[in-house]
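Written out below as structure tokens is the structure these notes cover.
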Amino acid sequence: MGIKGLTKLLAANAPNSMKETTFESYSGREIAVDASTSIYQFLIVVGRNGTQMLTNDAGQVTSHLQGLFSRTIRLLEAGMKPVYVFDGKPPDLKKQELAKRHSKRMDASEYLAAAIESGVKEDIEKYSKRTVKVTRQHNEDCKKLLRLMGVPVVEASSEAEAECATLCKTGKVYAVASEDMDTLTFGAPIFVRHLMGSSRKFPVVQYEVAKILKELNLTMDQFIDLCILCGCDYCDGIRGIGGQTALKLVRQHGSIENIVEKISKVRYRIPENWPFQEARCIFKDPVVSVSDQNHVFEWITPDEEVLKNFLVNENGFNHDRVTKAIGKIKAANYRSSNRRLHSLKPWLRTSVPLKSKETKCQLGVPSAFLNPKMFSLQVYMHLRPKLLWPSVDELVRPVNLFLGVCKELALFSSYIHVSSSWSIFFLLFPFQALLLLYLMGLQAFFDMDAIGRLNKTKYECLLFDMDDTLYPMSTGINYACRKNIEEYMLQFLEIDASEVPRMCLELYKEYGTTMAGLKALGYGFDNDEFHAFVHGRLPYERLKPDPVLRNLLLSMPQRKIIFTNADKAHADQVLSRLGLDDCFEGIICFETLNPPFEPNSYEDEVYKCLSSEEPDYNLLFSDSERKADAIYDENDDSLLPKSQILCKPSLESMEAAIQIANVDPKKTIFFDDSVRNIASGKAAGLHTVIVGSSELVPGADLALTSIHNIKEALPEIWEEEEDQFEQVVQSTAVETVDVLA
DNA sequence: GAGGTCC
DNA sequence: TCATCTGCCGCAAGACCTC
DNA sequence: TGCGGCTGATGAG
């Protein structure tokens with residue numbers, strides 16, 4: 001039931017809080033969608049003819065799959081990035097409401113039986129719709145379908161609406177698309193209704209909670225009380241008090257407690273044991289899944305073969321239709337990966353002093369014909385032949401350029417995936433094509449049975465990420481850190497409060513750290529000040545000494561190095577609190593990868609290049625990747641400014657870390673909690689272990705739910721090395737690393 | 001835009 | 001008299017393609 | 001499930 005009469009109430013009292021928008025206007029936006037409501041609608045309407053619905057050969061209903069499949073493609077094609085949120089365990093207070101619904105379904109079943117007996121077609125149709133219930137199996141089918149389509153799925157701890165609202169509040173999605181008005185009561189900052197309405201009968205309407213509160217002149221707590229008084233899923237209101245009266249009373253008395261105290265007990269009967277406080281609690285502090293604050297949703301390439309098998313073989317879908325639909329998803333993903341870069345442009349144009357206008361040299365030109373950023377990270381990682389990059393700086397320039405062209409061609413061919421294109425490719429670039437095939441063959445060889453390799457090779461070095469890898473996310477350090485960053489953006493960079501959470505996350509996603517993104521956008525602030533503000537007041541006291549991990553680390557015979565994006569002060573503090581400060585040979589941190597800026601070097605090169613009679617842009621291009629100044633050309637819509645900061649997950653940072661630590665990537669295991677860092681680590685040739693996940697992610701050789709399980713999962717670390725001598729010799733070669741005091 | 005079809 | 005609330009009923013609720 | 005339409009009841013002004 002949502003909130004009784006809230007639509008009308010808002011239309012009458014807060015008309016400016018809602019505005020008509022269009023389906024297309026959400027292009028490029030992450031949208032949280034309540035899955036259950038959608039599935040319910042599909043079951044009611046898709047392919048229904050009386051009691052008959054779409055089914056597979058086994059007679060199981062497939063209407064929900066048909067509906068969800070086409071709707072999701074519709075959203076993706078429009079450039080939206082849906083995140084489907086599934087209901088968890090309903091709160092106890094909702095049981096009464098659920099029982100009511102159950103009873104209604106029972107009644108409908110009886111009417112349906114009677115209608116079937118009498119053969120009245122309209123009645124059969126009507127009552128069969130009323131018996132629809134979304135079962136666990138329906139939900140599981142849909143989750144499977146979405147995952148195969150590469151669309152993120154969230155399993156809510158409790159109410160999906162609450163989870164959606166939290167995703168929106170924390171900036172992980174732009175808006176929540178739902179029909180249920182209590183999404184607003186859960187505090188979703190942007191709430192969209194009728195987004196999915198195919199009939200176009202109702203326009204798409206966007207509500208903003210902040211505007212509602214402003215117009216109604218209520219605090220969020222008062223708005224929640226108003227909704228409870230109107231009547232919600234968790235408890236009835238007071239008989240005789242509807243929307244208008246409730247609004248008047250809340251404005252007048254401020255809270256339900258005061259209203260109950262002041263109103264006439266003759267006129268209004270307060271329900272006995274009225275659980276308004278519990279209901280308030282559900283809205284104010286809903287049970288939501290404790291997710292990684294930095295978790296990034298990803299819309300990945302569909303698992304084509306498995307998806308086809310699921311839809312065509314298991315559920316009787318038409319093969320050609322499915323093939324065509326998968327093509328649409330791929331095309332949408334491709335467009336979206338380009339669009340994502342554009343999404344940062346508004347900040348560039350409106351709120352940021354553009355840097356580097358004075359630099360006339362177009363450093364990106366040599367690779368402009370195929371920008372690697374056009375391709376999804378996965379494709380990029382898998383096809384990027386490691387052997388192309390032995391040590392870029394050591395290669396002579398012409399070879400470098402030639403290899404660069406090969407890389408682009410490899411990426412290009414990896415994207416198109418069309419056999420006929422190979423023929424054209426061979427005709428046009430026979431030599432490159434042969435080389436490419438050779439390299440791809442090598443790559444395939446090196447990618448074979450990664451875990452097998454992990455088991456067979458001996459290791460010399462273990463590279464550890466620190467935050468959320470050496471201690472669990474549940475400490476809340478990460479969350480506190482993010483809040484501090486948001487606070488910094490608000491206070492010192494004067495970024496609009498409504499933009500901060502989203503911008504914080506977008507930049508994190510695009511650049512690896514928000515700081516790197518801010519720098520890339522041209523925000524001029526002092527790195528040390530930023531770190532001091534962000535890390536200076538973290539709740540470090542929550543980190544307790546971890547003797548178990550300490551013993552594990554000390555018993556490992558390999559070199560152990562920290563590789564973190566954080567600054568050294570933070571790393572010192574964390575390791576000290578965990579009692580691990582003497583477990584590592586060194587720390588590769590922010591300062592290691594981003595030493596204080598040295599004038600003369602790069603500028604000189606630019607100057608030299610431009611002032612020469614025949615400027616060799618390649619000379620600058622190769623270095624630009626490493627030194628990365630903020631270059632942004634207004635006329636070029638495909639390029640974002642590069643970050644001045646070298647940090648994970650960039651491949652350059654991985655290669656730099658490998659070089660600084662002086663390790664052989666083939667004999668190094670990289671532990672990290674971030675999917676992107678792992679993918680990047682793999683691309684750099686490292687063995688990779690995703691920490692904090694029970695499932696393998698792209699690029700990971702192994703998954704560890706906790707770093708404490710390392711001995712069970714990787715016993716070979718402790719196996720006797722055959723030539724320890726080699727290790728000892730290598731371990732002296734890390735002088736450049738910031739060694740812990 | 002109506003009507004048929006998806007499985 | 002008017003505003004507000006209640007309760008009941010009926011209706012629609014996807015998306016794509018072809019014509 | 002949500003909404004509009006309708007009807008009748010109720011209470012404030």
Side-chain angles (χ1 to χ4, degrees), chain A residues 1-13 23 33-34 36-49 52-78 97-98 100-102 104-105 108 111 122-123 125-134 141-142 145 161 178-183 193-202 205 229-233 236-249 263-264 266-269 310-322 324-325 328:
Chain A
M1 133 176 117
I3 308 297
K4 224 170 166 183
L6 187 59
T7 320
K8 247 185 180 174
L9 188 71
L10 292 179
N13 296 280
F23 183 73
V33 183
D34 170 27
S36 304
T37 312
S38 310
I39 298 170
Y40 178 75
Q41 283 177 333
F42 298 140
L43 287 172
I44 281 178
V45 81
V46 176
R48 180 175 284 277
N49 183 10
Q52 278 210 313
M53 297 168 78
L54 306 183
T55 55
N56 59 19
D57 289 345
Q60 292 158 326
V61 172
T62 54
S63 294
H64 54 310
L65 295 174
Q66 171 71 40
L68 188 68
F69 190 53
S70 47
R71 173 175 288 181
T72 306
I73 290 170
R74 190 177 155 219
L75 292 173
L76 292 171
E77 278 199 297
E97 173 67 24
L98 294 177
K100 238 189 266 177
R101 290 179 195 173
H102 178 76
K104 274 186 186 171
R105 270 199 305 275
Y111 291 130
E122 289 77 21
D123 282 355
E125 184 95 25
K126 183 165 82 179
Y127 293 119
S128 74
K129 282 180 182 176
R130 292 191 194 173
T131 59
V132 165
K133 183 182 188 305
V134 179
D141 291 344
C142 290
L145 174 64
E161 298 302 336
S178 169
E179 300 310 310
D180 210 339
M181 291 297 281
D182 52 16
T183 309
R193 288 187 93 195
H194 314 315
L195 182 65
M196 317 297 186
S198 63
S199 65
R200 310 269 185 240
K201 205 165 141 190
F202 302 107
V205 181
L229 281 170
C230 289
C232 62
D233 283 351
D236 291 330
I238 298 171
R239 213 185 147 77
I241 296 180
Q244 296 293 343
T245 315
L247 178 60
K248 206 167 68 187
L249 289 172
I263 55 171
S264 157
V266 182
R267 164 95 176 80
Y268 301 108
R269 206 173 64 82
F310 177 63
L311 289 177
V312 179
N313 300 337
E314 292 177 33
N315 287 292
F317 278 54
N318 178 287
H319 179 272
D320 292 345
R321 284 175 199 254
V322 171
K324 197 174 157 193
K328 286 183 182 177

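What you see is a predicted model; the values in this text were computed from it and never measured. Side chains are part of it too, since the values below use all heavy atoms of this structure and drop only hydrogens, waters and symmetry mates. All chains are named by letter (A, B, ...) in the order of the sequence lines, taking the proteins before the strands, and each is independently numbered beginning at 1.
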Between residues 63-72 of chain A and DNA chain C, which residues have a heavy-atom gap below 4.0 Å? A:Gln66, A:Ser70, A:Arg71
Counting primed atoms, P, OP1 and OP2 as sugar-phosphate and everything else as base, the B/S/- map of nucleotides 1-10 of chain C against protein heavy atoms under 4.0 Å is ---SSSS---
A:Glu314: salt bridge (Lys or Arg N to Asp or Glu O under 4.0 Å) partners, not counting sequence neighbours: A:Lys144
Pairwise N/O distances under 3.5 Å, protein to nucleotides 4-9 of chain D:
none

Sorted by chain and residue number, the side-chain hydrogen bond (donor to acceptor under 3.5 Å, both in side chains) partners of A:Ser36 (sequence neighbours excluded) come out as A:Asp87
Sequence neighbours left out, what passes side-chain hydrogen bond (donor to acceptor under 3.5 Å, both in side chains) with A:Thr62? Give chain and number order. none
Identify the 5'-most and 3'-most nucleotides of DNA chain B with at least one atom closer than 4.0 Å to a non-hydrogen atom of chain A. B:dC6 to B:dC7
Results of side chain to side chain contact (heavy atoms under 4.5 Å, CB included) for A:Ile73 - residues two or more places apart only: A:Phe69, A:Glu77, A:Met149, A:Ala325, A:Lys328, A:Ile329
For A:Thr245, give me all partners under side-chain hydrogen bond (donor to acceptor under 3.5 Å, both in side chains), at least two apart in sequence or on another chain. none
What residues form a side-chain hydrogen bond (donor to acceptor under 3.5 Å, both in side chains) with A:Thr72, not counting sequence neighbours? A:Tyr84
Set of side chain to side chain contact (heavy atoms under 4.5 Å, CB included) partners for A:Arg321, sequence neighbours left out: A:Asn318
Have a look at A:Arg193 and say if it touches a base, only the backbone sugar-phosphate, or nothing, with a 4.0 Å heavy-atom cut-off. sugar-phosphate
Over all strands shown, is A:Lys248 touching base, sugar-phosphate only, or nothing at heavy-atom distances under 4.0 angstrom? nothing
Contacts of A:Lys248 that satisfy side chain to side chain contact (heavy atoms under 4.5 Å, CB included) - sequence neighbours left out: none
